[in-house]
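Read the structure below first, then the notes.
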Amino acid sequence: MSSTATKDHAELAAIFNRDEPRVDWHDETLWWVRAKRDIAAHKLPEWELLRETASQIKNNVLSNLSTYLEQFEANAIKNGVTVHWAADAEEHNQIVHKLLSERGINRMVKSKSMLTEECHLNEFLAQRGFDVIDSDLGERIVQLAGEPPSHIVLPCIHKKKEEIGDIFHEHLGSAKGESDPKILTETARQHLREVFLTRRAALTGVNFAIAETGEFVICTNEGNADMGAHLAEIHIASMGMEKIIPERKHLGVFLRLLTRSATGQPITTYSSHFAKPQDGKEIHIVIVDNGRSIQLGREDFRNSLKCIRCGACMNTCPVYRKSGGHSYHTAVAGPIGSILAPNLDMKKYADLPFASTLCGSCSNVCPVKIDIHDQLYKWRQVIVKAGYTPTAKTIAMKGMAFTLASPTLYRAAGKMGRLTFKYAPFAVNNGANPWYKHREMPKAPEQSFGEWYAKRKEQKK
Ligand code: SF4
């Protein structure tokens with residue numbers, strides 16, 4: 001059996017689907033979150049105007065990205081912040097490593113940052129003897145479980161509270177069999193309090209970086225980013241280069257959209273602004289490209305960089321809800337992850353744009369109006385042309401194209417198919433046919449539509 005690292009979305013989804021009750025509550029929970037998002041959105045008569053405004057602001061940012069980045073850098077430096085540029089994940093990790101090493105720090109607290117997941121920072125630092133503790137509750141749970149997050153906003157949505165109780169019992173010493181969320185949260189609180197008080201370095205993500213002022217904003221519901229950053233001597237903020245917004249006044253648009261789209265809340269509990277370091281402390285921002293400028297140059301896919309990581313496209317996606325985040329084998333799962341990942345490695349993530357029904361629900365809920373399902377469809381074409389589809393599929397599609405191009409061959413194939421269904425159904429209805437695993441195969445018709453039509457025409461003469 002191949003390792004999970006070599007399995008594609010369908011194979012990993014099949015693993016998730018072995019536990020049917022889990023699939024059901026995963027599906028229902030995310031749909032509940034989606035419904036909360038709908039209620040929150042419908043309460044604002046100006047919702048569509050907000051989406052359109054956010055989309056236009058981000059279009060402007062993408063068209064003038066280098067200008068806004070340089071403006072942000074200049075203002076951040078004026079504020080006393082140190083700005084670093086990282087071309088890729090490796091350089092980002094090296095910068096963080098150097099900042100810690102130079103200060104003799106080997107323990108760091110980290111708040112939720114999908115960029116550091118994308119860069120595999122935790123593994124990078126762990127291999128070099130550094131201790132990194134994730135302070136977002138969901139992230140800490142998956143970190144203790146030795147798993148990556150399965151959702152960008154709800155990292156441990158795939159875990160039952162009883163499983164979390166077992167993890168806490170093993171790692172944090174809670175009572176065996178304890179699964180009361182309040183008690184488990186208190187256990188995590190006590191554990192993390194000690195971490196916050198003893199770490200000299202804190203790393204956070206960045207939700208929005210304001211070019212006009214050089215400040216950046218981090219949104220959390222737990223206040224963990226603030227706690228880590230305010231107590232540590234050095235605050236490192238890892239920022240994807242698309243996180244820029246031009247002016248502070250634009251924040252109102254995005255903050256109103258972000259949490260309503262994510263969880264149905266009117267606003268994140270903490271939307272914290274960081275502008276300048278406190279006396280005797282340091283703030284470093286690492287601005288990361290890691291394939292973003294390549295995506296910016298792909299006309300059909302550039303506006304995926306408008307994403308504000310609200311997770312709404314995941315919550316609404318029927319494939320995500322039924323297959324779980326880990327089946328996407330990339331840091332950002334779901335519909336948006338399936339657009340972003342092939343940009344980083346088209347061969348490795350060739351399966352992901354096919355993990356969609358193309359129903360368009362993702363595009364309908366996206367607060368910044370990314371044409372997600374259109375891009376998924378476009379990626380399929382790019383991937384097929386580049387020759388990254390599995391050999392069996394490539395051969396089958398070529399055979400199908402050949403057959404459909406010839407009416408005689410098409411009719412003969414249809415007849416053969418009907419006869420096979422009738423006299424040798426086992427040739428189709430067997431375990432080697434993935435469609436048969438979950439579907440009743442249809443009864444074969446006696447004749448083709450063409451034959452039926454010709455007969456009717458004859459009878460009517
Ligand atoms: S693509 Fe849109 S809906 Fe999906 S996470 Fe990004 S902003 Fe949210």
Side-chain angles (χ1 to χ4, degrees), residues 30-31 33-38 40-41 47-48 50-59 61-62 112-115 117-118 138 149-155 157 205-208 217 219 239-245 250-251 253-265 268 291-292 295-296 298 300-321 325 328 330-344 349 352-353 355-379:
L30 288 163
W31 189 251
V33 180
R34 152 79 210 254
K36 286 204 324 180
R37 170 260 171 218
D38 289 350
W47 182 253
E48 287 306 315
L50 276 175
R51 285 181 76 214
E52 183 57 31
T53 309
S55 171
Q56 296 288 347
I57 294 169
K58 282 286 184 180
N59 282 341
V61 167
L62 294 182
K112 189 140 70 65
S113 149
M114 290 316 297
L115 177 59
E117 292 292 334
E118 176 187 319
S150 68
H151 188 289
I152 57 177
V153 175
L154 313 158
I157 189 70
V206 169
N207 287 91
F208 304 102
V217 176
C219 303
M239 165 188 154
M241 68 184 209
E242 78 285 13
K243 295 290 177 184
I244 286 278
I245 58 171
H250 297 142
L251 254 183
V253 174
F254 291 99
L255 292 179
R256 295 184 80 199
L257 286 166
L258 177 63
T259 329
R260 283 183 172 89
S261 300
T263 58
Q265 291 165 258
T268 337
R292 285 160 176 77
Q295 189 84 323
L296 190 64
R298 295 185 199 270
D300 285 337
F301 306 109
R302 73 197 297 258
N303 85 14
S304 59
L305 295 172
K306 287 161 40 178
C307 177
I308 56 171
R309 302 287 192 272
C310 71
C313 56
M314 300 175 188
N315 304 341
T316 200
C317 176
V319 176
Y320 176 87
R321 285 187 278 114
Y328 291 80
T330 177
V332 179
I336 184 64
S338 302
I339 297 172
L340 297 174
N343 176 56
L344 284 176
Y349 300 114
L352 295 185
S356 168
T357 61
L358 300 184
C359 65
S361 185
C362 46
S363 307
N364 284 342
V365 296
C366 178
V368 284
K369 288 193 156 183
I370 300 173
D371 53 338
I372 305 170
H373 72 295
D374 288 332
Q375 292 191 37
L376 288 167
Y377 181 54
K378 283 175 189 160
W379 262 125

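Just so you know, ligand 1 is whichever comes first in the structure, and atom 1 is the first atom listed for that ligand.
- Taking backbone and side chain together, C310 holds no N, O or S atom under 2.8 Å from atom 6 (Fe) of ligand 1.
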*Which is it for N315 and R37 under the side-chain hydrogen bond (donor to acceptor under 3.5 Å, both in side chains) test, yes or no, and what are the steps along the way?*
CA-CA 10 Å; N315 304 341; R37 170 260 171 218; over 6 Å; no
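- Between D38 and R34, at least one side-chain N (NZ, or NE/NH1/NH2) sits under 4.0 Å from a carboxylate O, which counts as a salt bridge.
- In this structure, P367 is part of the shell of residues with a heavy atom less than 4.0 angstrom from ligand 1.
- Listed for the S261 side chain is a donor-acceptor partner under 3.5 Å among the backbone atoms of L257.
- Nearest heavy-atom pair, S363 versus D371, reported as atom, atom and distance to 0.1 Å: OG-C, 3.7 Å.
- Close contacts of ligand 1 with I370, meaning ligand atoms under 4.0 Å from a residue heavy atom, involve 1 (S).
- In the vicinity of I372, heavy-atom distances shorter than 4.0 Å reach the ligand 1 atoms 1 (S).
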Note to self: Between F301 and L340, does the side-chain contact (heavy atoms from CB on, under 4.5 Å) criterion hold? Intermediate values first, please.
What the structure shows: CA-CA 9 Å; F301 306 109; L340 297 174; over 6 Å; no
Exercise for review: Please test Q295 against L344 for side-chain contact (heavy atoms from CB on, under 4.5 Å), starting from the C-alpha separation and ending with a verdict.
Suggested key: CA-CA 9 Å; Q295 189 84 323; L344 284 176; over 6 Å; no
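- Each of the atoms 5 (S), 8 (Fe) of ligand 1 lies under 4.0 Å from some heavy atom of G311.
- Atom 2 (Fe) of ligand 1 has C366 SG, 2.4 Å as its closest protein atom, hydrogens excluded (heavy atom only).
- Within the coordination shell of atom 2 (Fe) of ligand 1, defined by N, O or S atoms under 2.8 Å, C307 is absent.
- Taking a cut-off of under 4.0 Å to the non-hydrogen atoms of C313, the atoms of ligand 1 that pass are 1 (S), 3 (S), 4 (Fe), 5 (S).
- Taking atom 7 (S) of ligand 1 as the reference point, the nearest protein heavy-atom neighbour is I308 N, 3.4 Å.
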(Q) Run the side-chain contact (heavy atoms from CB on, under 4.5 Å) test on E242 and R302 for me, step by step, so that the C-alpha distance in whole Å, both residues' side-chain angles and the decisive distance to 0.1 Å come before the verdict. (A) CA-CA 11 Å; E242 78 285 13; R302 73 197 297 258; over 6 Å; no
